[in-house]
Amino acid sequence: MKFFQTILMSLAMIAVAMTSHAQMVKEVNTRVLTLEGAKTIAAAAAVEAQKHHVGGSIAVVDEGGHLLYLERWDGTFPASAPVATAKARTAAIFRFETQVFEHAIKNGRNALTAVPELLPLEGGIPIIVDGHVIGAVGVSGTASSTQDVEFAKAAIAGIK
Amino acid sequence: MKRLLTDIVRHGALACFCFTIFGTQTFAQAQVREKHILTLEGAEQIAAVAEQSAKTHGAKVVIAVVDDGGNLILLRRLDDTQVASVNVAIDKARTASIYRRPSKDFEDQVTSGRVSAMALHGAVALQGGIPITFHGKVIGAIGVSGETPKIDEDIAIAGATAAQSFKARSSDGS
């Protein structure tokens, strides 16, 4: 009888353990951006740059804000590369277009300049697939920040 | 005597005149010089060869190409590579470019006791950064990170050799 009780107890504990384990890890069906995908995105922006005869840099980051791909077009000032990267990173980890932050500060919310890892310059746009932010694009160094945004949008349209 | 003095003055004046015309031209030429710069197309060729080498090794790496100022021109992170390798690859590339030598040189220095090599500004003492040269001049560098130091450097060396078939284009596009 005692032996039987022990077995029952063990089975009960295993059952409980399995149930609680199922709650500790959750599988999220989210797409992950590949290098090929990033190259396609950048190529769409490169086409725009050639069309408008301007320079610039484009950065593609993953959902953690880490660089997947970057290219700086010929003749562009070197700082456009880290700026494009920072715009992309901001868009990815805050899950907003960086234009939102630039406008918010312009409208008076200056405290946003103190937020760590936030570059409040327009030109960064999140990449959203199936409702999830899977990465972001950042463009810097074109003829204007407005054009940065245009090229970023063209880049993202390249994956839809 | 008077004839000698006249000759000296005349020759001296001629010498000064020639120096002014030709000498200052020489000085003016020394103020600005030409150099070859790595284009995006060149960086892409380097990265393509490195990517091919990475696939041969089955390696998951980040490939970074910088210009002669150590500034990023191109970066590619192969699928499923650890994210930390992004910054490491850039650091290795910058080191090789601005110090004009493989970044392994500094790792070797540290290993053989010269720990102060780690204090060098803008350098990382890590194997995997290789300069890109054209006609004997360093025009940039490639940095690779993600696998073992030896494999990283092998991939970087493979990429850098692509520069051997580089062609120059003059600034007016011809």
Side-chain angles (χ1 to χ4, degrees), chain A residues 30-43 45-50 53-89 92-93 117 127 134-142, chain B residues 36-48 50-52 54-55 59-91 93-94 97-98 122 139-146 168-173:
Chain A
T30 181
R31 309 242 209 105
V32 173
L33 202 47
T34 63
L35 177 57
E36 277 312 305
K39 283 181 183 177
T40 309
I41 291 169
V47 162
E48 293 298 307
Q50 271 159 19
H53 304 287
V54 294
S57 293
I58 178 159
V60 183
V61 301
D62 65 10
E63 75 276 14
H66 303 286
L67 262 182
L68 274 167
Y69 186 87
L70 178 139
E71 65 178 23
R72 172 160 61 102
W73 302 311
D74 285 341
T76 312
F77 59 96
S80 67
V83 171
T85 305
K87 286 184 185 180
R89 179 170 170 76
I93 66 178
E117 314 230 47
I127 299 167
I134 66 165
V137 157
V139 176
S140 166
T142 68
Chain B
H36 286 111
I37 61 167
L38 182 61
T39 62
L40 177 57
E41 189 188 324
E44 280 172 344
Q45 285 178 21
I46 301 229
E51 222 177 300
Q52 200 47 53
K55 292 204 165 88
K60 295 187 211 171
V61 292
V62 173
I63 296 161
V65 179
V66 301
D67 62 14
D68 62 342
N71 295 305
L72 202 51
I73 297 176
L74 180 150
L75 181 139
R76 296 179 181 180
R77 172 155 59 103
L78 273 56
D79 290 340
D80 200 33
T81 305
Q82 56 173 22
V83 296
S85 289
V86 170
N87 283 324
V88 178
I90 296 172
D91 285 345
R94 184 191 58 251
S97 180
I98 67 177
I139 59 170
I142 172 174
V144 177
S145 167
R169 154 168 68 88
S170 68
S171 40
D172 62 3

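So you know, we letter chains A, B, ... as the sequences are listed, proteins then strands, and number each from 1. Since the model is a prediction, treat every value here as computed from it, not as a measurement.
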Distance in Å, A:L33 CG paired with A:D62 CG, rounded so as to fall on 0.5 Å steps: 8.0 Å

salt_bridge(B:E51, B:K60) N-O dist < 4.0 Å: no

Distance in Å, A:E48 CD paired with A:I58 CD1, rounded so as to fall on 0.5 Å steps: 10.5 Å

Residues, nucleotides or ligands: over 12 heavy atoms within 6.0 Å of B:I37 CD1: no

Contacts with chain B made by residues 69-78 of chain A (heavy-atom distance under 4.5 Å), listed by residue number: A:Y69, A:L70, A:E71, A:R72, A:W73, A:D74, A:P78

From CA spacing to verdict: side-chain hydrogen bond (donor to acceptor under 3.5 Å, both in side chains), A:S80, A:S140: CA-CA 5 Å; A:S80 67; A:S140 166; 5.2 Å; no

Close contacts, residues 38-46 of chain B versus chain A, judged by heavy atoms under 4.5 Å: B:T39, B:L40, B:E44

Reported CG-to-CG distance for the pair B:D79 and A:L35, which is rounded to 0.5 angstrom: 6.0 Å

Atom pair CG/OG of B:D91 and B:S85 - distance to nearest 0.5 Å: 11.0 Å

Shortest non-hydrogen contact between B:A93 and B:V66, atoms and distance: O-CG2, 3.6 Å

Point-to-point distance, once rounded to the nearest 0.5 Å, from OG of B:S97 to CG of B:L72: 11.5 Å

Euclidean distance, A:I127 CD1 relative to A:R31 CZ, rounded to 0.5 Å: 12.5 Å

Heavy-atom pair count under 4.5 Å with chain A, highest-scoring of B:I63, B:N71, B:L75: B:L75

